[in-house]
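In what follows, every chain begins at residue 1, and chains take the letters A, B, ... in the order their sequences are listed.
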Protein chains: 2
Amino acid sequence: MSQFRKPDRQERRRFLTVYGRKAVLEALADRQMDCRILHLASSNRSGGVLQDILDAARAKGLECREHSREELARISRNGRQDQGVALDVYCPAMRELDDYLAALPAAPQRLLALDGVTNPQNMGMVIRSAAAAGIDGVLYADRGNPALGPLVIKASAGTVFRAPLLRCQTLFQASKSLCQNGFALYRLQSRGTRTLFDGQKFADRALFVLGGESDGISRELSELPGENLSIPMANGVESLNVAVSGALVAYVAATQKPAKA
Amino acid sequence: MSQFRKPDRQERRRFLTVYGRKAVLEALADRQMDCRILHLASSNRSGGVLQDILDAARAKGLECREHSREELARISRNGRQDQGVALDVYCPAMRELDDYLAALPAAPQRLLALDGVTNPQNMGMVIRSAAAAGIDGVLYADRGNPALGPLVIKASAGTVFRAPLLRCQTLFQASKSLCQNGFALYRLQSRGTRTLFDGQKFADRALFVLGGESDGISRELSELPGENLSIPMANGVESLNVAVSGALVAYVAATQKPAKA
């Protein structure tokens with residue numbers, strides 16, 4: 001079984017690592033989560049919650065590995081908050097954008113990207129809404145998106161582990177690749193040439209980009225060919241929370257999606 | 001001018017009271033807010049932020065009143081957190097549900113109610129989204145909704161002061177009154193007889209009710225005649241954040257609203 005050999009780099013990109021004693025214990029208790037390897041710091045004192053974690057991992061037949069404190073911090077990527085415990089979780093719906101593009105479905109596609117969204121709570125809430133709406137993929141950039149840590153996981157209500165995340169290096173490179181593969185780019189802006197609710201159709205292959213809380217969409221992404229969409233606002237309201245805009249875009253995009261070709 | 005006489009009870013219901021030094025100073029600096037009376041505890045020490053507050057209030061020509069600590073706590077309704085400072089803000093779009101019903105417009109109406117939503121952040125975010133969407137009124141019950149304090153104000157990004165809030169005693173009584181005035185009741189439930197996105201029309205007069213974070217819609221409201229609406233969810237996602245559901249309902253309801261009769 002795959003959990004008993006060392007995953008190669010490509011495989012590792014399909015895992016998310018949960019850290020912290022409470023988060024790991026909760027993950028082990030969640031039957032929907034495909035937990036694989038438990039990592040422990042050799043400096044951990046035994047007993048208490050740690051014993052509960054070990055018991056839960058053993059009951060699931062998981063491999064448990066011990067590491068030096070420094071090596072564990074490298075695995076969790078957050079030595080300050082991992083409390084000596086990390087857990088690899090397999091995410092069946094997460095993959096590399098390149099793999100997605102290599103086998104691009106003929107059916108209409110709706111993708112979502114969050115450009116410069118730094119608030120983990122907003123990131124988590126949008127992932128949850130996008131997964132619920134049936135968006136085909138949410139871009140998740142190594143640089144530019146917050147790490148999928150405890151705050152994102154909590155705000156996503158755990159959906160991050162089964163959301164269709166498409167991993168990429170940067171959103172700009174990913175957007176360019178998608179455009180080259182026939183995707184139309186729709187940028188959410190305060191001033192758009194059309195509104196999200198005008199009932200017009202979107203292209204069969206559509207990438208929707210939302211900007212961050214303070215700076216909006218980055219300049220380089222603004223300069224790619226594409227259309228600017230706005231969300232109409234009444235009563236002098238100047239903006240919506242990113243999590244709210246993301247949910248509106250996800251549901252409108254997904255529900256206006258043509259039936260599969 | 002009205003700010004120099006004591007408002008009667010009906011008038012007072014069109015005011016929200018901001019409290020706490022930082023919140024009051026921010027309100028005084030906001031040109032969109034119609035600040036009326038500054039209330040101070042006589043026990044306050046002068047200087048510092050308090051002097052900034054007094055300066056800002058005087059620059060606006062506001063009436064400043066001094067009260068005993070106990071009387072100020074009665075005005076702020078939060079003696080623990082008011083820091084000896086409260087500010088009455090006039091909310092032009094807020095009114096009694098009874099007054100709204102007494103002059104019910106002939107044009108189609110879209111109202112929103114949050115039943116048992118206790119999280120102030122969710123309440124504030126829904127008010128912001130509903131105001132932006134152009135919902136005709138958000139019910140605001142004295143019993144059952146969180147007080148419109150600093151957390152609601154912050155989450156609403158200040159829109160609470162210009163949102164079309166309809167004040168009522170309880171949501172159940174309000175919903176009954178609305179039904180008697182020809183409103184159809186649409187309850188958001190996990191299992192609905194139709195979905196929010198099925199493209200079917202809603203009644204000209206429509207009240208949409210969302211349930212709270214944990215207990216959903218109360219039993220008495222569930223037993224009123226009405227229709228159950230659901231939001232479709234993919235990928236095994238079981239629920240959405242209330243703030244997200246509220247925004248989806250607000251925008252779908254407002255954008256599906258027939259043109260004015």
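In this structure, CD on Glu238(B) lies 6.0 Å from CD on Gln32(A), to the nearest 0.5 angstrom. Distance CD/Gln121(B) to CD/Gln121(A): 5.5 Å, rounded to 0.5 Å. Atoms OG1 and CD1, from Thr255(B) and Ile231(A) in turn, are 11.5 Å apart once rounded to the nearest 0.5 Å.
The minimum heavy-atom distance between Gly134(B) and Ala234(A), with the atom names listed, is CA-CB, 3.9 Å. In terms of heavy atoms, Arg162(B) sits closest to Gly236(A) at NH2-O, 3.1 Å. When every heavy atom of Pro164(B) is checked against every heavy atom of Asn235(A), the shortest pair comes out as CD-ND2, 4.2 Å.
Interface residue Ala131(B): backbone and side-chain heavy atoms are both found under 4.5 Å from chain A. In this structure, chain A has no heavy atom under 4.5 Å from any part of Ser245(B).
Of the listed residues (Val237(A), Asn241(A), Leu240(A), Leu248(A)), just one forms a side-chain contact (heavy atoms from CB on, under 4.5 Å) with Ser129(B), and that residue is Leu240(A).
Around CG of Asp215(A), the count of heavy atoms belonging to other residues, nucleotides or ligands within 6.0 Å does not exceed 12.
A donor-acceptor distance shorter than 3.5 angstrom exists from the side chain of Tyr251(A) to the backbone of Pro232(B), with no hydrogens or angles considered.
Counting heavy-atom pairs under 4.5 Å between each of Gly246(B), Ala247(B), Ser239(B) and chain A puts Ser239(B) at the top.
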